[in-house]
Q: 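I have a structure I would like to understand better, so I am pasting it below and will then ask my questions one at a time.
By convention in this document, chain letters (A, B, ...) are assigned in the order of the sequence lines, proteins followed by strands, and residues within each chain are numbered from 1. Owing to the predicted nature of the structure, the values given are computational and were not obtained by experimental measurement.
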Number of protein chains: 2
Amino acid sequence: MAKAKRILKWQRDPEGMRLRILEAAKQEFATHGLAGARVDRIAAKAGANKRMLYYHVGKKDDLYLAVLEGAYEKIRAEERGLDLEHLDPPQAIARLIDFTWNYFIRNPEFLALLNTENLARARHLKRSTKVKSMHSPFVEMIRTVVRRGVESGDFQVAVDPVQLYISIAALCFFYLSNSATLSVIFGRDLLSKEAKDERLDHMVALVLAALTGKSVAAFGRNTAARLRSPAEHTA
Amino acid sequence: MAKAKRILKWQRDPEGMRLRILEAAKQEFATHGLAGARVDRIAAKAGANKRMLYYHVGKKDDLYLAVLEGAYEKIRAEERGLDLEHLDPPQAIARLIDFTWNYFIRNPEFLALLNTENLARARHLKRSTKVKSMHSPFVEMIRTVVRRGVESGDFQVAVDPVQLYISIAALCFFYLSNSATLSVIFGRDLLSKEAKDERLDHMVALVLAALTGKSVAAFGRNTAARLRSPAEHTA
DNA sequence: GCACAAATTAACCTGTTGGATAAATACTGT
DNA sequence: ACAGTATTTATCCAACAGGTTAATTTGTGC
């Protein structure tokens with residue numbers, strides 16, 4: 001009842017207000033970067049007064065860190081639900097790639113936030129205590145898959161789990177994060193349904209071929225035509 | 001003589017001034033992003049008056065596009081000198097990876113500029129006519145290597161050259177561009193000499209294993225210890 | 001030396017921005 | 001109903017930033 005009243009009058013709802021502020025801030029920082037983000041716009045988007053940001057979260061930098069922590073928390077939480085332990089190792093890796101890829105597609109702000117934070121040389125993240133502890137379980141998860149793969153003979157070589165994850169994230173991240181410039185310079189729409197499907201196939205095939213030593217058919221899919229030069233196309 | 005005089009008095013040297021402005025702008029945009037960059041700071045760094053920027057190049061956005069075009073021109077020019085035609089295909093790919101990696105290390109501003117431009121959804125690049133034409137020869141170069149590799153039997157599968165290049169760039173780019181946040185969350189210095197060497201080995205091994213089907217020893221280098229969990233390390 | 005254009009400087013202006021102050025309003029327990 | 005606290009609003013401001021105007025200096029062709 002008190003809760004319902006709070007929701008009806010969404011003023012005087014501190015927790016809700018805080019969430020709306022963080023959501024608005026996430027959008028704003030993702031769209032405009034740190035320096036380009038406007039505190040007033042965040043307030044407007046959150047349906048709040050500018051003063052509220054400072055009251056509920058803090059100054060611009062604090063806001064940014066809070067958004068960033070929330071973003072990491074969200075992806076790592078979803079990853080925990082992947083249940084890689086019960087899949088055979090190649091499938092587990094394929095699933096991790098698939099998840100990462102689709103998570104990045106579903107959450108484009110995450111990519112922008114990370115880029116922005118790296119431009120700032122992780123100056124905010126370094127101040128965070130939460131974020132560091134989030135990642136050891138995640139690395140453990142991958143480490144276990146790799147070890148199982150090596151033991152079962154599915155994987156030819158033992159690969160450093162961190163290195164492997166960075167590579168998987170890299171393949172997904174770069175394509176999506178840089179799709180705007182890549183689309184221009186290569187003159188292709190990289191975000192069409194077909195292009196995205198093709199990319200996922202390519203990434204899974206690339207990583208699994210390297211791990212298992214068995215080439216995956218999909219690696220070469222759709223590429224016969226791509227090997228012909230433009231001149232040959234018209235000829 | 002007239003040239004020498006010009007160089008001595010670096011005022012009244014329009015071309016030189018333009019170059020100094022673009023260099024200063026590159027540093028400023030790379031360090032602070034588009035919105036964070038300060039026109040006054042660029043002027044100061046270039047040893048010029050703010051009005052000079054507008055006189056020689058244009059407004060902030062024009063300045064940014066000029067810097068970006070210069071950056072693309074530089075990397076594509078260096079790539080043209082790689083001479084991949086005379087190497088056997090696996091070596092050619094290894095060389096391309098090695099070059100890309102080291103170019104990114106030598107030119108960190110390039111990474112930042114691309115990220116910034118992607119945050120702006122390639123709004124400047126789309127206006128550029130120069131940049132688009134720069135890239136067909138580059139794609140041709142890779143296409144030829146892949147085709148030769150398939151014909152010689154070195155490569156198991158035909159892979160789309162654009163897809164392959166994006167993957168190579170991704171592996172290098174993401175690691176370096178995101179090294180600040182990655183170092184924090186994984187608690188490792190990813191930019192130490194050893195870490196960088198290890199990364200290059202990993203990337204070359206990953207891509208060549210996938211292309212040739214033969215696993216590369218370096219893929220698993222240094223990783224035996226990494227497969228032990230932290231608990232086991234102390235045990 | 002002189003006219004003319006190119007290059008450079010200095011000063012200014014207007015809108016904006018992050019952040020602060022202080023007052024008002026609504027909810028809580030009593 | 002009331003006192004006290006948590007939440008919210010309205011307003012202000014000083015610093016700054018991008019861009020412009022207009023005057024000044026320097027080199028060039030004649």
Q: Side chain of A:Met52, heavy atoms from C-beta onward: which of D:dT9, C:dG18, D:dG19 has the nearest atom to it?
A: D:dT9
Q: For A:Ala37, which contact category applies under a 4.0 Å heavy-atom criterion: base, sugar-phosphate, or nothing?
A: sugar-phosphate
Q: Could you check whether B:Lys50 gets within reach of a base, just the sugar-phosphate, or nothing at all, counting any heavy atom under 4.0 Å?
A: base
Q: Could you state the atom-to-atom distance from CG of B:Asn49 to P of D:dA23 in whole Å?
A: 16 Å
Q: When you get a sec, tell me which of D:dG19, C:dG19, D:dT7 is the closest nucleotide to the side chain of A:Lys59?
A: C:dG19
Q: What integer distance in Å separates B:Tyr64:OH from D:dG18:P?
A: 15 Å
Q: Counting the benzene-type ring for Trp, do A:Phe138 and A:Tyr165 have ring centres under 6.0 Å apart?
A: yes
Q: Looking at B:Asp160 and A:Arg188, is there a salt bridge between them, counting it only when a charged N and a carboxylate O are closer than 4.0 Å?
A: yes
Q: In whole angstrom, what separates B:Ile42's CD1 from D:dC16's C1'?
A: 16 Å
Q: Measure from CD on A:Glu15 to P on C:dC27 and round the result to the nearest Å.
A: 14 Å
Q: Report yes if at least one side-chain N or O of B:His56 is closer than 4.0 Å to OP1 or OP2 of C:dA6; otherwise report no.
A: no
Q: Nearest whole Å is fine: how far is C:dT16 P from A:His32 NE2?
A: 15 Å
Q: Inspect the surroundings of CZ in A:Arg127 and state if more than 12 heavy atoms from other residues, nucleotides or ligands are less than 6.0 Å away.
A: yes
Q: Under a 4.0 Å N-O cut-off, is there an ion pair linking B:Glu23 with B:Arg20?
A: no
Q: B:Tyr55 OH to D:dT25 C1': how many Å, rounded?
A: 13 Å
Q: Does any N or O donor sit under 3.5 Å from an N or O acceptor when you compare the side chain of A:Arg41 with the base of C:dT17?
A: no
Q: At 4.0 Å (heavy atoms only), tell me whether A:Ala35 reaches a base, stays on the sugar-phosphate, or touches nothing.
A: nothing
Q: Out of C:dT9, C:dT17, D:dG18, which has the shortest distance to the side chain of A:Asp40?
A: C:dT17
Q: Round to the nearest Å and state the distance from B:Asp13 atom CG to C:dT8 atom P.
A: 8 Å
Q: Which nucleotide in the set C:dA6, C:dA10, C:dT21 lies at the smallest distance from any side-chain heavy atom of A:Arg51?
A: C:dT21
Q: B:Lys60 has an atom NZ; how far is it from atom C1' of C:dG15, in whole Å?
A: 15 Å
Q: May I ask you to check whether A:Phe29 and A:Tyr64 place their ring centers less than 6.0 Å from one another?
A: yes
Q: Check whether any side-chain nitrogen or oxygen of A:Arg38 sits under 4.0 Å from OP1 or OP2 of C:dT17, and answer yes or no.
A: yes
